[in-house]
Structures are given as C-alpha cells and as structure tokens.
Amino acid sequence: MPILEILNYPDARLRTVAKPVTQVDDRIRQIVKDMAETMYDARGIGLAATQVNIHERIIVVDVTEDRNGLRALINPEVISSSAQTKVHQEGCLSVPGVYDEVERPDLVRIRCLDENGETQEFEADGLLSVCIQHEMDHLQGKVFVDYLSRLRQSRIQARLQKQSRIQAQTARA
C-alpha cells in the first residue's frame, strides 16, 4: 500500500468539491487502505480523499490514542447537529505546522457508508465530531483556515509558500 502525497495549502486542488461514491468496491476499499496508511504515517487523526487528490467523498478518521479505531466514512452527511458549539484547536495535514481555534457544533449525527457499502448512522461528539466535520469540509473544497480572518489566512499562505521555496532550494542543492 503506497503512502499518498498530501496536497498542501494553498494548492488549488484542495478547493475541488468531491463527487459521491456510486459503488463501494475493491477500488474504493483500496483507496481507504491507502488513505489510512497515509494518515497514520503523517501522524494525523483524519484525512479526506481531496487532500490526496482523489475527488470522491471518502474520509478516514482515528482519534484513539492506540490507533485502533479507524473509521472509513464514504459519502458522509451530517443529518443533525447540536445548537451548542465549542471552540477547538485545529490543525491539518494540508496546512503543516499551523494550528488555530475553530468553532463547530459540539455534537453531530452522521450517516455514511462504511468500507463494506453498509449504511452507518452514529453520533459523534468532542474530538471525533471536530475531526469528522473538519474532514467533511475538505470534501466541500474548504480548508480550516477559511474560518480564520483574511489577515491570518494571508500570513499562513505566505509562510507556507516560503517554506515550500526553502524546501525546493534544499532539494536542488
């Protein structure tokens, strides 16, 4: 199973809206496996297919400390959310080294397909809720920095572009 390349903000491909999966088959199961391996390798807790330049509605999450709670959510949708919100510190594998506070509903009810094509419905709160909502944003072409001020977005973009240039120069040397 290959480690997939994670796109970095402000890559325009992160703005692509993912299309629904029409059939959960071996190809989709392989994508789930590759995404999970990529997420674990990058020490993340969630990854959306959009982040690895696959524009289908697939996310993987695992918020457990021992990394044995992998969930694949295919065509996920929020069917209800609490009026109560909480602010959480968020980071993103596509925005390396950047963390900021984002306010989201504290509790969400999710409907999705699992890797076997079975419909699942469950409630998520706390970190799992935040992670799922964050990854679902990616499927809509949204990155968590979109919740921040324009000034903060500009600073993050400039910093990441500078880091990218430095890495490119180092690689050539």
Side-chain angles (χ1 to χ4, degrees), residues 4 6-7 9 13-95 98-149 153:
L4 305 171
I6 298 172
L7 302 177
Y9 177 81
R13 294 172 291 180
L14 290 169
R15 300 299 181 183
T16 305
V17 175
K19 295 188 178 351
V21 171
T22 57
Q23 180 180 353
V24 179
D25 55 17
D26 287 342
R27 182 184 70 83
I28 296 298
R29 283 186 279 280
Q30 186 62 53
I31 290 170
V32 167
K33 287 177 186 174
D34 293 346
M35 286 175 58
E37 186 173 334
T38 301
M39 176 188 72
Y40 288 133
D41 182 69
R43 302 187 189 278
I45 62 170
L47 186 68
T50 302
Q51 292 176 270
V52 292
N53 202 29
I54 298 170
H55 303 287
E56 296 181 77
R57 296 187 54 76
I58 307 167
I59 65 175
V60 294
V61 298
D62 186 348
V63 298
T64 62
E65 288 199 25
D66 54 4
R67 313 303 270 157
N68 69 353
L70 180 68
R71 287 182 183 237
L73 288 72
I74 300 167
N75 296 335
E77 58 180 313
V78 174
I79 54 176
S80 66
S81 60
S82 64
Q84 181 180 357
T85 61
K86 282 198 176 170
V87 174
H88 291 271
Q89 184 89 350
E90 292 188 30
C92 182
L93 295 176
S94 290
V95 192
V98 175
Y99 301 90
D100 218 313
E101 294 184 338
V102 177
E103 183 175 11
R104 296 185 185 272
D106 187 41
L107 176 74
V108 291
R109 184 155 191 81
I110 303 294
R111 182 182 301 132
C112 64
L113 300 176
D114 65 15
E115 60 271 19
N116 297 314
E118 300 291 325
T119 300
Q120 304 291 319
E121 198 170 300
F122 62 94
E123 285 188 348
D125 63 358
L127 184 58
L128 181 59
S129 172
V130 170
C131 184
I132 290 171
Q133 291 176 77
H134 175 109
E135 301 310 332
M136 287 180 67
D137 278 352
H138 280 297
L139 300 179
Q140 295 301 319
K142 190 170 187 175
V143 182
F144 92 98
V145 297
D146 295 345
Y147 290 97
L148 308 178
S149 71
Q153 289 176 37

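In this text the structure is predicted, and so the values were computed from the model without any measurement. Just so it is clear, the values below take in all heavy atoms, side chains as well, and ignore hydrogens, waters and symmetry mates.
- Residues meeting the side chain to side chain donor-acceptor pair (under 3.5 Å) test with Gln140, sequence neighbours left out: none.
- The minimum heavy-atom distance between Glu90 and Val102, with the atom names listed, is OE2-CB, 3.4 Å.
- Note that CG of Leu93 and OG1 of Thr38 are 9.5 Å apart. Values are rounded to the nearest 0.5 Å.
- Once rounded to the nearest 0.5 Å, the distance linking OG1 of Thr16 with CD1 of Ile54 reads 12.5 Å.
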Stepwise salt bridge (charged side-chain N to carboxylate O under 4.0 Å, His left out) test for Asp125 and Lys86 | CA-CA 10 Å; Asp125 63 358; Lys86 282 198 176 170; over 6 Å; no

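- For residues 47-56, the set of pairs meeting the side-chain hydrogen bond (donor to acceptor under 3.5 Å, both in side chains) definition, not counting sequence neighbours, comprises Arg27-Glu56, Gln51-Ser94, Asn53-His55.
- Around CD of Glu121, the count of heavy atoms belonging to other residues, nucleotides or ligands within 6.0 Å exceeds 12.
- Taking every heavy atom of both residues into account, Gly91 and His134 meet most closely at O-CE1, 3.3 Å.
- Between the Asp34 side chain and the Ile31 main chain, no donor and acceptor come within less than 3.5 Å of each other.
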Take Leu4 and Met35, measure what side chain to side chain contact (heavy atoms under 4.5 Å, CB included) needs, and give me the verdict at the end.
-> CA-CA 7 Å; Leu4 305 171; Met35 286 175 58; 4.2 Å; yes

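- Asp137 is linked by a side-chain contact (heavy atoms from CB on, under 4.5 Å) to Arg104, Lys142, Tyr147, counting only residues two or more places apart in sequence or in another chain.
- For the residue pair Asp146 and Gln153, the shortest heavy atom distance occurs at O-NE2, 3.6 Å.
- To the nearest 0.5 angstrom, His138 atom NE2 is 13.0 Å from Arg57 atom CZ.
- Listed by first then second residue, pairs satisfying ring-ring contact (aromatic ring centres under 6.0 Å, His included) with a partner in residues 61-88 number zero, not counting sequence neighbours.
- For the atom pair Ile132 CD1 and Leu127 CG, the distance stands at 10.0 Å (nearest 0.5 Å).
- Residue-environment remark: CZ (Phe122) exceeds the threshold of 12 foreign heavy atoms within 6.0 Å.
- Across every non-hydrogen atom of Ser129 and Ala124, the tightest pair is CB-O, 3.4 Å.
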Given Val17 and Leu139, is the side chain to side chain contact (heavy atoms under 4.5 Å, CB included) satisfied, shown in steps?
-> CA-CA 6 Å; Val17 175; Leu139 300 179; over 6 Å; no

Apply the test side chain to side chain contact (heavy atoms under 4.5 Å, CB included) to residues Phe144 and Val130: give CA-CA distance (whole Å), side-chain angles for both, the deciding distance (0.1 Å), then the verdict.
-> CA-CA 11 Å; Phe144 92 98; Val130 170; over 6 Å; no

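- Residues Val32 and Val60 have side chains in contact (heavy-atom distance under 4.5 Å, counting atoms from C-beta outward).
- Proximity of Ile110 to Leu73: side-chain heavy atoms (C-beta onward) are separated by under 4.5 Å at one or more points.
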Side chain to side chain donor-acceptor pair (under 3.5 Å) between Asp26 and Gln30, worked out = CA-CA 6 Å; Asp26 287 342; Gln30 186 62 53; over 6 Å; no

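- A distance of 9.5 Å separates CG of Asp62 from CG of Leu128, quoted to the nearest 0.5 Å.
- Considering only heavy atoms from C-beta on, Leu47 stays 4.5 Å or farther from Ile59 through its side chain.
- Atom CD1 of Ile74 sits about 6.5 Å away from atom CD of Glu115, to the nearest 0.5 Å.
- Residues that satisfy the side-chain contact (heavy atoms from CB on, under 4.5 Å) test with Asp114, not counting sequence neighbours, are Asn116, Glu118, Gln120.
- At least one side-chain heavy atom of Thr119 sits less than 4.5 Å from a side-chain heavy atom of Arg111.
- Every pair passing side-chain hydrogen bond (donor to acceptor under 3.5 Å, both in side chains) that includes a residue from residues 67-81 is listed here, sequence neighbours excluded: Asp66-Asn68.
- The heavy-atom pair separating Ser82 from Pro105 by the smallest distance is O-CB, 3.7 Å.
- The two atoms that bring Val61 and Cys131 nearest to each other are CG1-SG, 3.5 Å, heavy atoms only.
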